[in-house]
Amino acid sequence: MPCAAGARGRGAMVALRAGKKTLLPPLCRAFACRGCQLAPERGAERRDTAPSGVSRFCPPRKSCHDWIGPPDKYSNLRPVHFYIPENESPLEQKLRKLRQETQEWNQQFWANQNLTFSKEKEEFIHSRLKTKGLGLRTESGQKATLNAEEMADFYKEFLSKNFQKHMYYNRDWYKRNFAITFFMGKVALERIWNKLKQKQKKRSN
């Protein structure tokens with residue numbers, strides 16, 4: 001079934017405080033842009049996949065937070081523009097890249113899946129209407145549709161055909177989330193350790 005993760009609500013971007021980042025998942029390419037405060041959320045498009053529909057909104061340069069954008073028109077997922085601090089540590093950079101890579105992976109999967117769903121759904125409806133000897137339009141000019149029972153056959157078939165694909169997706173999703181959670185813990189410990197060292201220096205001075 002298509003992903004309905006992002007309700008099409010506010011179109012404006014909203015800041016996400018650095019201390020309350022959502023647990024998005026990891027691994028693949030990273031897109032850190034030199035001289036840029038925020039890393040781009042999209043990668044190169046491929047001809048056999050859904051095109052990018054992610055907003056190109058650029059948050060203020062002075063922003064010190066992650067920014068969440070409006071839902072992507074293909075995946076229905078809300079893209080996150082990750083803030084890159086000037087003094088980002090190697091561990092913090094690795095965590096950010098894992099989150100960026102997973103966002104790209106997740107975006108591509110659901111964009112392609114939703115595109116496939118819509119295409120096969122239209123083909124199914126056209127096939128059933130043709131079998132009934134009906135056209136694509138009713139006498140009043142409206143688009144012809146099938147009833148709930150007929151569409152249930154399509155949903156069942158689509159889920160069955162994509163069962164293995166969804167199973168692999170869920171497996172990879174949990175792996176990526178575990179990796180991100182692990183590195184978030186390491187980053188948190190690193191920050192605590194750095195604060196303790198700063199306090200010790202102040203006391204010694």
Side-chain angles (χ1 to χ4, degrees), residues 3 5-7 9-46 49 52-72 74-111 168-205:
C3 173
R10 291 172 289 180
M13 309 290 284
V14 291
L16 178 66
R17 293 192 179 280
K20 297 182 178 180
K21 292 186 175 76
T22 52
L23 293 180
L24 298 176
L27 282 105
C28 292
R29 305 180 311 282
F31 324 111
C33 175
R34 292 182 182 178
C36 215
Q37 285 294 318
L38 292 148
E41 78 291 347
R42 298 292 303 158
E45 297 172 7
R46 297 182 299 180
T49 58
S52 170
V54 178
S55 170
R56 296 299 179 181
F57 177 87
C58 186
R61 292 183 179 180
K62 295 182 180 180
S63 173
C64 297
H65 306 291
D66 289 350
W67 284 70
I68 301 178
D72 176 75
Y74 297 105
S75 70
N76 291 330
L77 300 175
R78 290 181 176 273
V80 178
H81 294 254
F82 295 96
Y83 168 67
I84 305 177
E86 293 181 0
N87 59 341
E88 184 180 49
S89 70
L91 197 57
E92 289 174 328
Q93 183 185 60
K94 189 165 187 177
L95 172 61
R96 174 177 56 79
K97 287 184 176 182
L98 285 175
R99 296 179 70 197
Q100 285 177 291
E101 291 159 5
T102 294
Q103 176 171 252
E104 175 66 17
W105 168 81
N106 205 31
Q107 156 69 23
Q108 198 64 63
F109 175 85
W110 284 112
Y168 289 146
Y169 167 81
N170 287 331
R171 180 196 64 186
D172 292 344
W173 172 259
Y174 284 114
K175 284 182 178 179
R176 291 167 180 273
N177 266 288
F178 177 80
I180 283 180
T181 303
F182 175 74
F183 276 100
M184 287 182 75
K186 292 185 71 174
V187 167
L189 290 175
E190 180 185 55
R191 289 172 178 172
I192 292 173
W193 178 248
N194 289 338
K195 286 182 179 180
L196 289 175
K197 287 198 298 184
Q198 288 178 359
K199 286 183 179 180
Q200 289 179 350
K201 285 183 180 179
K202 288 180 179 179
R203 288 177 181 176
S204 61
N205 293 335

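In what follows, every heavy atom counts, from backbone to side chain, and hydrogens, waters and symmetry copies are set aside.
With contacts defined as side-chain heavy-atom distances shorter than 4.5 Å, the pair Asn194/Lys197 qualifies.
Under a cut-off of 6.0 angstrom, the local environment of CZ in Arg171 is crowded, with over 12 non-hydrogen atoms contributed by other residues, nucleotides or ligands.
Across all non-hydrogen atoms, the minimal contact from Glu88 to Glu92 is CA-OE1, 3.5 Å. Among all heavy-atom pairs drawn from Asp72 and Pro79, the shortest one is N-CD, 4.5 Å. Among all heavy-atom pairs drawn from Ala179 and Leu98, the shortest one is O-CD1, 4.5 Å. Of all heavy-atom pairs between Arg78 and Gly69, the closest is NH1-O, 3.2 Å. Taking both residues in full, the closest heavy atoms of Val80 and Ile68 are given as CG2-CG1, 4.2 Å, listed atom of the first, atom of the second, then distance.
Between Gln200 atom CD and Lys195 atom NZ the span is 15.0 Å, to the nearest 0.5 Å. With rounding to the nearest 0.5 Å, the separation of NZ in Lys97 from CD in Gln100 is 8.0 Å. One finds the CD atom of Gln107 at 9.5 Å from the CG atom of Asn76 (value rounded to the nearest 0.5 Å). The CD atom of Glu190 lies 11.5 Å from the CZ atom of Phe183; values are rounded to the nearest 0.5 Å. Between the CD atom in Gln108 and the OG atom in Ser75 there is a gap of 9.5 Å [rounded to 0.5 Å]. The distance from the CG atom of Asp172 to the CZ atom of Phe109 is 9.5 Å, given to the nearest 0.5 Å.
Partners of Tyr169 under the side-chain hydrogen bond (donor to acceptor under 3.5 Å, both in side chains) rule, at least two apart in sequence or in another chain, are Asn106, Trp110.
No side-chain donor-acceptor contact under 3.5 Å links Asp66 to the backbone of Phe82.
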